[in-house]
Amino acid sequence: MDNSEQTKNLPTVLADELSSHLTCPICGRLYSEPVISIKCGHTFCKKCAFCASICPVDGYQCDTTQLVVNRLVVGQIEDLLIYCQYGVMKQNGDFVSDPSGCQEKIQIGKRSEHESQCSFAPLPCPNSEVHCGRFRKSELESHTEVCPYLPCSHGNKGCEFTGTKDQISEHLNHCGYRGLQNSVSIKDFNLQTRLLEENNKELRDHVNVLENKVVLLEGSKTSIQTQLETCVREITSLQSKYDNLQSTLDQLMSGRNRRSITSPGNTGDYSLRSRSNSSSNLSGTKRSPSTSIREEHWQMPFVFKCIGTLKGHKDIVWCLATKRYKVFSSGSDSTIKVWDMENLAKGCIKTMEGHTGTVHSMAVHEDSLYSAGDDRSIRVWNAKTFEEEKCVENAHDNIISAMIVAGEYLFTSTFSLIKVWEIRSLTFKTVISGLHHWVRALALSMSKDSLFSGSHNTIDIWNTVEPFNLKGKIDHTFGSVYSITVTPKYVVAGTYNQSIQLFCCDSYQHVQTLSGHIGTIHSLITSLSGRFLFSASVDKSIQVWDLENMLPIQTLQRHDGSVNTVIVVGDFMLSG
């Protein structure tokens with residue numbers, strides 16, 4: 001169907017009675033741009049769907065982000081028979097069939113094709129629409145035979161005579177423009193002469209103005225050169241001062257890094273893969289129940305500013321992890337790179353090689369770093385010497401998408417299942433199977449006794465000790481879960497449907513939807529107190545949220561591609 005504004009506004013009279021299956025349940029009229037809601041399966045006009053908040057059929061909430069064109073209904077509407085617009089007339093405010101007009105019945109989808117050639121289409125008189133008006137295409141030729149406004153054939157030379165065919169024939173015998181050539185029309189010659197004279201005067205005035213400006217510019221040339229030399233000297237001096245300040249700042253930042261990362265109550269052990277994280281990763285080492293969680297000392301309003309870029313990977317960065325002063329990054333170039341937080345200006349201090357595919361996930365436990373990815377292997381590295389200590393080949397039958405450490409066990413996930421390993425020996429313990437599609441996200445509760453796994457339309461909660469049984473489920477309709485984090489109040493999930501969903505930790509009921517990203521949410525992490533949330537997305541941005549009032553605080557946009565991982569270390573945030 002032609003969806004242009006012109007076609008939408010054309011009068012439409014159906015030749016047959018309209019089926020109720022082709023009427024919008026909201027406006028009650030024939031569908032206009034029919035779209036189907038994926039959520040409830042009902043079809044509406046596109047405009048109606050954006051105006052309505054509740055589906056009138058089943059009462060479901062209307063979600064305009066889950067609308068697609070209903071091509072089946074579009075095809076049915078295009079096959080409907082209607083009267084040509086040149087065969088209808090307005091009667092009592094409605095359009096009805098006009099017996100004196102076009103009687104063709106045409107398909108809506110072929111309307112433009114017919115009406116562009118319809119013999120009843122009104123066309124203006126080519127000689128004078130003002131005097132003669134408009135005529136049906138089939139009648140226009142007979143009108144031109146008797147039209148009293150036919151122009152003289154010498155009109156392009158200046159003749160303004162008009163008349164009927166007979167009058168034109170008689171006029172041509174004595175027309176005063178017969179002997180003139182087109183290029184020497186008296187009327188055009190006089191007009192062009194007058195225009196040339198006006199243009200010449202304007203050009204002379206413009207030349208005078210330009211000559212005066214040239215004199216002024218020549219006079220100020222010496223002054224400009226002197227000012228330029230002065231500016232160059234000042235820029236050289238400022239550059240020297242800037243270099244000195246930058247050197248001082250590097251020294252201060254190095255000292256601040258050490259204090260931030262090694263502050264009391266925080267050993268600096270962090271791990272965050274691209275699609276999952278745990279609140280425990282931000283809270284340092286294990287605490288006894290009597291030990292309170294140290295909160296960040298950020299005062300609102302605060303602003304994150306980019307202070308540098310670490311370059312070294314040859315492909316996409318998928319995961320970040322930290323151990324004391326060291327940052328580990330991994331990605332599609334099959335390597336794990338090590339960076340020193342005390343001296344970031346030094347660049348990469350070690351490249352750990354061993355994987356043969358993308359490294360999607362990492363986890364830190366005591367002095368060991370665990371990694372896994374496309375090659376389906378789990379590798380253990382010494383976090384001090386950066387040497388590989390152990391490897392389990394073919395640990396899964398598919399890509400390992402997430403991993404996390406809980407107590408004495410390592411949990412790794414892939415398509416529809418989670419495997420459990422003894423952390424020290426990497427001996428296979430058991431498998432948790434039957435999950436919905438890919439398990440891309442894993443996270444721990446604040447007490448670390450519950451494991452949250454995110455898959456399609458489901459978040460499962462498992463016991464982190466034997467027998468690793470299912471403790472609960474959060475069923476939802478927000479699509480595949482790509483990232484999870486847990487705060488004292490909320491289970492927070494980032495989905496493929498470009499939104500962040502918050503569920504109550506106690507009742508598992510849905511609490512809030514945070515909208516702002518325009519791409520899949522690949523990574524989520526919270527501050528130590530759980531008040532502030534950081535979300536990274538395919539839309540190249542990082543959003544900072546205040547979970548007390550459910551509002552965004554800041555949008556960070558420095559990446560040129562998808563932001564796949566984000567981690568907070570003290571007062572610093574790193575993203576990849």
Side-chain angles (χ1 to χ4, degrees), residues 217 220-263 266 268 270 272 296-317 320-331 333 335-351 523 525 527 532 534-537 539-544 552-576:
L217 290 173
S220 60
K221 180 179 179 181
T222 304
S223 175
I224 292 174
Q225 288 177 337
T226 302
Q227 293 177 20
L228 179 60
E229 293 172 356
T230 302
C231 287
V232 170
R233 288 196 297 272
E234 291 181 353
I235 289 173
T236 303
S237 175
L238 289 172
Q239 183 63 48
S240 177
K241 292 179 181 179
Y242 171 79
D243 292 339
N244 292 334
L245 288 172
Q246 186 64 47
S247 177
T248 303
L249 178 62
D250 289 342
Q251 296 175 7
L252 291 173
M253 292 303 294
S254 177
R256 185 180 179 185
N257 285 347
R258 186 181 292 106
R259 291 192 301 273
S260 177
I261 300 172
T262 61
S263 57
N266 183 9
Y270 298 82
L272 175 68
E296 66 280 349
H297 301 290
W298 301 340
Q299 298 296 324
M300 291 284 287
F302 59 82
V303 175
F304 277 88
K305 295 182 179 179
C306 183
I307 61 172
T309 301
L310 306 179
K311 294 184 178 180
H313 282 284
K314 297 179 180 179
D315 210 326
I316 298 168
V317 177
L320 291 171
T322 65
K323 175 67 178 178
R324 295 189 179 90
Y325 317 127
K326 301 302 184 289
V327 175
F328 302 91
S329 60
S330 66
D333 60 4
T335 67
I336 301 172
K337 292 189 177 291
V338 188
W339 316 82
D340 189 348
M341 287 290 287
E342 292 184 299
N343 189 6
L344 292 176
K346 190 175 181 180
C348 176
I349 62 172
K350 179 70 175 179
T351 298
S523 183
I525 198 165
S527 62
F532 302 108
F534 303 82
S535 58
S537 170
D539 64 12
K540 308 179 184 180
S541 74
I542 300 167
Q543 294 270 12
V544 186
I553 300 173
Q554 187 180 3
T555 300
L556 305 173
Q557 294 177 311
R558 286 295 292 267
H559 286 279
D560 295 326
S562 170
V563 188
N564 303 314
T565 174
V566 63
I567 189 168
V568 176
V569 183
D571 291 335
F572 296 93
M573 176 172 60
L574 292 83
S575 59

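Position 1 is the first residue of the sequence, and the numbers go up from there.
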Whether Asp333 side chain and Lys314 backbone form a donor-acceptor pair below 3.5 Å: yes
Aromatic ring pairing Phe532/Trp298, orientation class (parallel under 30°, perpendicular over 60°, tilted between): tilted
Least distance between heavy atoms, His313 atom then Gly331 atom: CE1-N, 4.3 Å
Partner residues of Gln554 under the side chain to side chain contact (heavy atoms under 4.5 Å, CB included) criterion, sequence neighbours left out: Val303, Phe304, Val544, Leu556
From Lys305 atom NZ to Met573 atom CE, the distance as rounded to the nearest 0.5 Å: 13.5 Å
Distance-minimising heavy-atom pair for Lys540 and Ser562: CG-N, 4.3 Å
Interatomic distance, His559 atom NE2 to Cys306 atom SG [nearest 0.5 angstrom]: 8.0 Å
Thr236 backbone acceptor or donor facing Ser240 side chain under 3.5 Å: no
Glu234 side, atom CD; Thr230 side, atom OG1 - distance, nearest 0.5 Å: 6.5 Å
Residue list, side chain to side chain contact (heavy atoms under 4.5 Å, CB included) with Cys348, at least two apart or on another chain: Lys337, Trp339, Thr351
Inter-residue atom distance Ile307.CD1 - Leu344.CG, 0.5 Å rounding: 7.5 Å
Check: Ile567 and Ile525 side chains under 4.5 Å, non-hydrogen atoms: yes
Atom pair OG/CZ of Ser541 and Arg558 - distance to nearest 0.5 Å: 14.0 Å
Nearest-0.5 Å distance that lies between atom CG in Leu320 and atom CG in Leu310: 9.0 Å
Any donor-acceptor N/O pair, Ser237 side chain to Arg233 backbone, under 3.5 Å: no
Nearest heavy atoms of Val317 and Asn564, plus distance in Å: O-ND2, 3.2 Å
